[in-house]
Amino acid sequence: MLDVNLLRNNLDEIAERLVIKKFKFDKELFNRLEQERKQLQIRTEELQAKRNASSKQIGQLKAKGEDTSAIMAEVAGLGDELKAVETEFNNIANQLNAYLATVPNLPHESVPVGNDETANVEVRRVGVPRDFDFQVKDHVDIGASLSNGIDFEAGAKVSGSRFAFLKGNIAKLHRALAQFMLDLHTTEHGYTEIYSPYLVNANALYGTGQLPKFEEDLFKTKRGDDDMYLIPTSEVSVTNLAAGEIYKEEELPFKYSCHSPCFRSEAGSYGRDTRGMIRMHQFDKVEMVNIVHPDKSFEALEAMVQCAENVLKALKLPYRVIALCGGDMTFGSAKTYDLEVWVPSQNTYREISSCSNMTDFQARRMQARFKDSAGKNRLVHTLNGSGLAVGRALVAVLENYQNADGSVTVPEVLRSYMGCDILK
RNA sequence: GGAAGCUUGGCAGAGCGGUUGAAUGCACCGGUCUUGAAAACCGGCAAGGAUGCGAGUCCUUCGUGAGUUCGAAUCUCACAGCUUCCGCCA
């Protein structure tokens, strides 16, 4: 949610900056609703003030045992008008809020301008893709040959498309990756480990910005009469730890890391990445979430990207860092870096992490604040990033570490977790 | 699933129809005192919003929603959450 005052005072400028996020701000609608809102709110509050004053007076007169019938008559008609104006005011205010809830965050000045991924900017490339002197296999074939380590048929039988079973050493490698990432963040990067709920309520999803606009991307379920949703990322559950809080300034920043499954309907991506584990309805991710002072969020973003990169460096996987252009960034983000890992079978880099500074966009929706040195409550900034997507990391390890005989070398940093150095 | 109780400010805890946005204590912030600290004493201290250049004025909020009333933290109804006991259960 953007600051309404920003819209009231700098409407043209804000609308222009939103174009960078491919959003057409309806200035006419906003101005009309805002004007009505103002009138109705002033009138409502006038009537309320009058009612309050009269009621107070009646109380005083009654205490003195005096007659109150004159004032009672005066207030008699007030209730009906107040109720009518109030109803109309609520109606307009709700319309206004409903519209504002669909407006994306403003992009930071440093964000490249552009509509799609072709305008993204490569920031740096680390590591060199390995030269294979044999025909590379993709992870599906590698997984199949390793004692049926990845079983898509079973996934389809039990759940449907975009689900898979991992078996044996592949399942173990998957677990090792998640453990390694979490250990790295908690011991080297100063993160606090979190275990979070995987089902959340609608309010939490509103707070992080998935609702009301992106409900079709979510798996929805019920508990009694309440809607519950499977988290599409633990960004949702973990960031909402800050919802409604007023932190002390010196408590900031909070750095949380959470390993969780993520559930996405992938509506609208039919036919894309249908082979393999690149795009699944359920995948594991080790997430990083920062709750920070607003002056520090952009440096925190750079630091967070470093933490994600450290995972790839430790695994010795070639990758590149991409600064997303405005049109390719998500709804709530002010600035996003993607990390893309080398996938030999596709001869290209594929997204394995996305780190975003949401500035005060989520904080305003969930009223996450801190008390500054002047005693004033101010919104915190929130950031989130993958560190990393575990399923895709598994793909990258299998493919980059494959050998001519179909075996896979275990990356050094994972050997203590695996208890072996080669998978056959 | 059955039964009972509870839900007030950062926390604890009064209030049960009328100057109550809410006593009191703790925490926190400022001051006096002190070589310094502690103690003691004095003062301050909820959030959101409207309006205004500003001082300010006003509105809303005592789990949530609806109702009764000129007036609700206080009365009524519905819902939710929490706690304890019983049953079931990984």
Side-chain angles (χ1 to χ4, degrees), chain A residues 1-10 30-31 33-101 195 197-207 221-229 237 240-252 254 261 291 360-380:
Chain A
M1 185 88 85
L2 297 180
D3 181 358
V4 204
N5 277 311
L6 214 56
L7 288 162
R8 285 177 191 149
N9 301 324
N10 310 54
F30 176 78
N31 280 327
L33 289 173
E34 176 59 14
Q35 205 181 331
E36 286 184 62
R37 185 229 99 223
K38 189 166 175 170
Q39 271 182 4
L40 288 164
Q41 182 160 358
I42 289 171
R43 183 66 187 144
T44 302
E45 292 185 0
E46 268 174 14
L47 292 170
Q48 285 170 332
K50 201 189 278 185
R51 180 202 60 196
N52 291 347
S54 301
S55 295
K56 193 174 269 186
Q57 218 178 333
I58 291 170
Q60 284 166 343
L61 289 175
K62 284 216 164 155
K64 282 188 258 170
E66 293 178 22
D67 175 53
T68 58
S69 55
I71 309 175
M72 299 278 267
E74 203 180 302
V75 193
L78 227 144
D80 289 342
E81 189 188 353
L82 180 58
K83 194 160 284 182
V85 177
E86 235 169 4
T87 305
E88 189 54 16
F89 167 61
N90 287 332
N91 178 20
I92 294 294
N94 289 341
Q95 281 182 50
L96 194 55
N97 286 334
Y99 181 64
L100 292 179
Y195 171 81
Y198 303 150
L199 283 164
V200 294
N201 59 35
N203 197 42
L205 286 153
Y206 175 83
T221 182
K222 283 203 178 290
R223 187 195 48 171
D225 289 334
D226 291 333
D227 291 335
M228 297 285 288
Y229 297 83
S237 44
N240 271 285
L241 279 173
E245 298 295 327
I246 301 176
Y247 295 114
K248 293 181 182 140
E249 187 164 16
E250 61 270 21
E251 288 181 286
L252 301 175
F254 292 95
I291 315 290
D360 60 9
F361 188 83
Q362 295 178 326
R364 184 171 293 104
R365 287 174 164 241
M366 54 193 191
Q367 287 298 301
R369 293 161 293 174
F370 71 100
K371 203 173 275 296
D372 72 10
S373 47
K376 206 168 165 333
N377 292 333
R378 296 170 60 193
L379 296 167
V380 297

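Note on naming: letters A, B, ... go to the chains in the order of the sequence lines (proteins, then strands), and numbering restarts at 1 for each one.
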Quick test: give all pairs of protein nitrogen or oxygen and nucleotides 72-76 of chain B nitrogen or oxygen below 3.5 Å, distance rounded to 0.1 Å.
none

Pair assignment for U19(B), Watson-Crick or G-U wobble, requiring both distances under 3.5 Å
none
Would you check if the side chain of Arg51(A) reaches a backbone N or O of Val75(A) as a donor-acceptor pair within less than 3.5 Å?
no
What residues form a side-chain hydrogen bond (donor to acceptor under 3.5 Å, both in side chains) with Asn9(A), not counting sequence neighbours?
none
Between G54(B) and U60(B), how far apart are the C1' atoms? Round to whole Å, please.
24 Å
To the nearest 0.5 Å, what is the distance between CZ on Phe30(A) and CZ on Arg8(A)?
6.5 Å
Interatomic distance, Arg378(A) CZ vs G48(B) C1' [rounded to whole Å]
18 Å
Separation of Lys56(A) atom NZ from C70(B) atom C1', in whole Å?
14 Å
Candidate list Arg369(A), Lys371(A), Gln367(A), test side chain to side chain donor-acceptor pair (under 3.5 Å), partner Asn377(A), passing option
Lys371(A)
Starting at atom CG of Leu40(A), determine the distance to atom P of C58(B), rounded to an integer number of angstrom.
22 Å
Is there a side-chain contact between Lys38(A) and the phosphate of A50(B), meaning an N or O under 4.0 Å from OP1 or OP2?
no
A90(B) to U74(B) separation - P atoms, rounded to the nearest Å
44 Å
Short question: side chain of Asp360(A), backbone of Leu379(A) - any donor-acceptor pair under 3.5 Å?
no
Could you tell me whether the phosphate oxygens of A47(B), OP1 or OP2, come under 4.0 Å of any side-chain nitrogen or oxygen in Lys371(A)?
yes
Can you measure Arg369(A) atom CZ to G9(B) atom C1' for me and round it to whole angstrom units?
13 Å
Within this structure, what is the CD-to-C1' distance between Glu86(A) and G67(B), rounded to whole angstrom?
14 Å
Separation of G65(B) P from Asn203(A) CG (nearest whole Å):
13 Å
Both distances below 3.5 Å, Watson-Crick or wobble geometry, any strand: find the nucleotide opposite G10(B).
C26(B)
Hey, is the main chain of Thr87(A) close enough, under 3.5 Å, to the side chain of Asn91(A) for a donor-acceptor pair?
no
What integer number of Å spans the C1' atoms of C62(B) and G44(B)?
23 Å
Against the side chain of Ser55(A), the closest entry in C59(B), G49(B), C70(B) is C70(B)
Does U60(B) have a Watson-Crick or wobble mate here (both distances under 3.5 Å), and if so which one?
A47(B)
More 5' along RNA chain B: Gly59(A) or Asn5(A), using each one's nearest nucleotide?
Gly59(A)
Below 4.0 Å: OP1/OP2 of U19(B) and any side-chain N or O of Asn52(A)
no
Where do Tyr206(A) and Met1(A) come nearest, in terms of heavy atoms and distance?
OH-CE, 3.1 Å
If I pick the P atom on U19(B) and the same atom on A78(B), what distance separates them, to the nearest angstrom?
29 Å
Could you tell me the Watson-Crick or G-U partner of A66(B), where both distances fall under 3.5 Å? Say none if there is no partner.
U76(B)
With rounding to the closest Å, how many angstrom separate the P atoms on A27(B) and C85(B)?
33 Å
How far does the C1' atom of G21(B) sit from the matching atom of U61(B), given to the nearest Å?
9 Å
Interatomic distance where CG belongs to Asp3(A) and P belongs to G49(B) [whole Å]
9 Å
Only pairs with both distances under 3.5 Å count, Watson-Crick or wobble alike; so what is the partner of G54(B) in this structure?
none
For C41(B), the Watson-Crick or wobble partner whose two distances fall under 3.5 Å
G31(B)
Can a donor-acceptor pair be found between the side chains of Gln41(A) and Glu45(A) at a distance below 3.5 Å?
yes
For atom P, what is the distance between U24(B) and A14(B), given to the nearest Å?
15 Å
Taking atom P in both G49(B) and G36(B), what distance in whole Å separates the two?
43 Å
Can you tell me the base-pairing partner of A3(B)? Count Watson-Crick or G-U wobble geometry only, both distances below 3.5 Å, and say none if there is no partner.
U84(B)
The side chain of Gln48(A) lies closest to which of these nucleotides: A50(B), C59(B), C70(B)?
C59(B)
Nearest-Å distance, CZ (Arg8(A)) to P (G52(B))?
11 Å
Picking from A50(B), G48(B), U68(B), the nucleotide nearest the side-chain atoms of Lys83(A) would be U68(B)
Distance, nearest 0.5 Å, that separates CE of Met228(A) from OG1 of Thr221(A)
8.5 Å
Give the nucleotide from the list G48(B), C70(B), A50(B) with an atom nearest to the side chain of Arg37(A).
A50(B)
How do Val75(A) and Ile246(A) order along RNA chain B: which one's closest nucleotide is nearer the 5' end?
Ile246(A)
Nearest heavy atoms of Ile92(A) and Leu33(A), plus distance in Å:
CG2-O, 3.6 Å
